[in-house]
**Student:** 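One structure is given below, represented as structure tokens, and several questions about it will come after.
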Amino acid sequence: MITLTTALAVIEEVFRRFKESRIFLCRDVLLPDYIPEALPHREEQLRKLALILAPALRGSKPSNVIVYGPTGTGKTVCVLLVLRKLVEESRGGVISLYVNCRQYDTSYRVLTELCRQLGLHVPNSGLSTGEVLRRFSDGIEEYGKVAIVVLDEVDVLVKRSGDAVLYHLTRLNTSLSKGKVSIIGISNDLRFTELLDPRVRSSLGEETIVFPPYNYAELCDILRERARLAFKPGVVSDSVISLCAAIAAREHGDARKALDLLRVAGEIAEREGCEQVTEEHVKKALVQLERDRVSELLRGMPFHMKLVLLAIYVATKRYPLTVTTGDVYSTYCEVCSCIGVTPLTQRRVSDILAQLELLGLVEAKVVNLGRYGRTRRVKLIVGDEHLLKALEEEPQLRPLISSLRQSLSSGVTSAVVK
DNA sequence: CGTCCACAGGAATGACGGGCGG
DNA sequence: CCGCCCGTCATTCCTGTGGACG
């Protein structure tokens with residue numbers, strides 16, 4: 001038992017340490033939603049975007065834009081920065097609406113969110129999508145000026161719910177007399193335009209801005225600049241920055257990842273009571289970030305999707321070379337019978353596999369094996385330990401996983417069930 | 001050179017829980 | 001309360017397909 005006084009002392013100690021951080025000046029600078037004043041190595045993209053959007057200042061409708069590039073290349077932050085300036089400069093002549101399509105991943109949700117940002121009240125359900133679109137359109141017309149709609153991660157929306165919203169949004173202007181709508185679609189994946197109706201494609205892609213991945217040196221620049229603002233002097237050495245940059249450069253030049261690494265490394269250093277962030281801390285941060293990512297993805301995931309993941313894990317132990325959809329499905333059925341659950345159909349599992357690929361937990365390439373059919377070659381792309389740990393959160397799977405661990409450590413890889 | 005595997009992945013449909021307007 | 005519409009998960013039935021095998 002802890003007495004009340006010592007408990008209070010503990011809390012005070014935590015707060016005191018926090019206030020007198022030896023490590024951070026301002027941790028927020030390293031958070032993903034921080035918008036910096038300067039964006040090194042993105043001058044060209046900023047200029048191009050500003051040029052495209054500038055007509056809004058004279059009240060005409062700017063071209064629609066597709067902003068394209070891998071994760072962590074500064075797409076979102078660039079767009080937000082330019083828009084913030086534009087709205088400021090226009091003195092009320094322009095508004096910007098921002099929707100992340102991963103968060104609002106259906107036509108209906110996107111439209112209601114847009115309405116909400118216009119200040120209209122729209123119920124979360126109960127209305128037809130057409131009705132919500134009409135309300136949005138009325139709202140824009142009433143506003144009577146230029147509205148710039150940012151659809152972040154628009155490829156996710158298109159893959160999940162098709163291009164119907166995009167079609168309607170791009171066509172909105174024909175039915176408006178005073179209001180105007182421009183669309184900025186941000187995407188990780190340029191291939192998504194192939195899924196679009198040709199009319200939507202040409203309308204949305206009037207302009208394209210490409211964001212290439214950052215290279216090692218550019219990442220170093222970015223990190224150095226942020227570290228200067230985030231940390232106390234002398235806390236972060238150049239070698240720590242180089243290490244973060246090198247890891248992120250390896251992973252497709254993802255600046256967000258680099259900043260996350262630096263921040264989490266700093267947090268670990270602080271928790272350990274160190275005065276400096278070391279390369280050890282960065283390595284620990286890498287492990288922690290990966291673990292967090294996996295358990296975050298697994299949390300709230302449908303039960304059978306977890307079963308499929310487990311089946312993939314078991315199947316890769318069994319057939320180390322090539323795991324096909326068929327292998328996964330039969331293993332999955334075994335897993336189901338193990339815990340007394342009726343399995344889903346193969347069709348459904350095929351969809352789940354595709355979703356797992358979209359989530360980045362699994363690589364599932366379609367391959368043709370000639371006589372031996374057409375299938376997916378399935379590969380886990382997360383660490384085994386992270387996966388098992390996260391799966392163990394599910395009480396029903398715990399016994400199965402612990403027996404799996406045992407049989408694995410004793411070298412028996414074939415007998416997993418019964 | 002045609003066959004035929006082992007699935008991919010589209011379309012239609014339905015069950016279900018939930019929110020809203022009336 | 002009802003009737004309507006929503007999103008989600010799942011099933012059923014279906015057509016399509018690249019290339020190794022015979």
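Computed from a predicted model, the values in this text were never measured in an experiment.
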**Student:** The criterion is side-chain hydrogen bond (donor to acceptor under 3.5 Å, both in side chains); which residues satisfy it with A:Glu279, sequence neighbours excluded?
**Tutor:**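 By the side-chain hydrogen bond (donor to acceptor under 3.5 Å, both in side chains) rule, A:Glu279 matches A:Ser239.
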**Student:** How many whole angstroms separate atom CE of A:Met305 from atom C1' of C:dT8?
**Tutor:**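 Whole-Å distance recorded here is 11 Å.
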**Student:** So, does A:Gln45 use its side chain to make a donor-acceptor pair with the main chain of A:Val210 at under 3.5 Å?
**Tutor:**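 Yes, because the side chain of A:Gln45 sits within donor-acceptor range (under 3.5 Å) of the backbone of A:Val210.
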**Student:** Does the side chain of A:Thr324 get closer than 4.0 angstrom to OP1 or OP2 of B:dC7 through an N or O atom?
**Tutor:**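 The answer is yes; a side-chain N or O of A:Thr324 sits under 4.0 Å from OP1 or OP2.
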**Student:** Looking at A:Ser350, I'd like to know whether one of its side-chain N or O atoms comes within less than 4.0 Å of OP1 or OP2 on B:dA8.
**Tutor:**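 Checking B:dA8 against A:Ser350, a side-chain N or O does come within under 4.0 Å of OP1 or OP2.
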**Student:** For A:Leu297, enumerate each residue passing the side chain to side chain contact (heavy atoms under 4.5 Å, CB included) test, keeping only those at least two apart in sequence or located in another chain.
**Tutor:**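 Side chain to side chain contact (heavy atoms under 4.5 Å, CB included) check on A:Leu297 returns A:Arg293, A:Leu359, A:Leu361.
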**Student:** Can you figure out which of C:dT8, B:dG9, C:dC9 approaches the side chain of A:Arg109 most closely?
**Tutor:**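 Among the listed nucleotides, the one closest to the side chain of A:Arg109 is C:dT8.
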**Student:** Using a strict cut-off of less than 4.0 Å between a Lys/Arg side-chain nitrogen and an Asp/Glu carboxylate oxygen, indicate whether A:Arg405 and A:Glu385 qualify as a salt bridge.
**Tutor:**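 Looking at A:Arg405 and A:Glu385, the cut-off is met.
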**Student:** Mark up nucleotides 14-22 of chain C, 5' to 3', with B wherever a protein heavy atom is under 4.0 angstrom from a base atom, S wherever such an atom reaches only the sugar-phosphate, and - elsewhere.
**Tutor:** --BBBBBS-
**Student:** Does A:Arg42 make a cation-pi contact with A:Tyr214, if we ask for NZ or CZ under 6.0 Å from the ring centre and within 45° of the axis?
**Tutor:**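 Yes, cation above the ring, under 6.0 Å and within 45°.
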**Student:** Whole-Å distance between B:dC7 P and A:Arg377 CZ?
**Tutor:**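 One finds 13 Å between P of B:dC7 and CZ of A:Arg377, rounded.
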**Student:** Return the value, rounded to whole Å, for the distance between atom CZ of A:Arg347 and atom P of C:dC9.
**Tutor:**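 Interatomic distance, CZ of A:Arg347 to P of C:dC9: 14 Å.
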**Student:** So, is A:Gln346 close to the B:dA8 phosphate, meaning a side-chain N or O under 4.0 Å from OP1 or OP2?
**Tutor:**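 The answer is yes; a side-chain N or O of A:Gln346 sits under 4.0 Å from OP1 or OP2.
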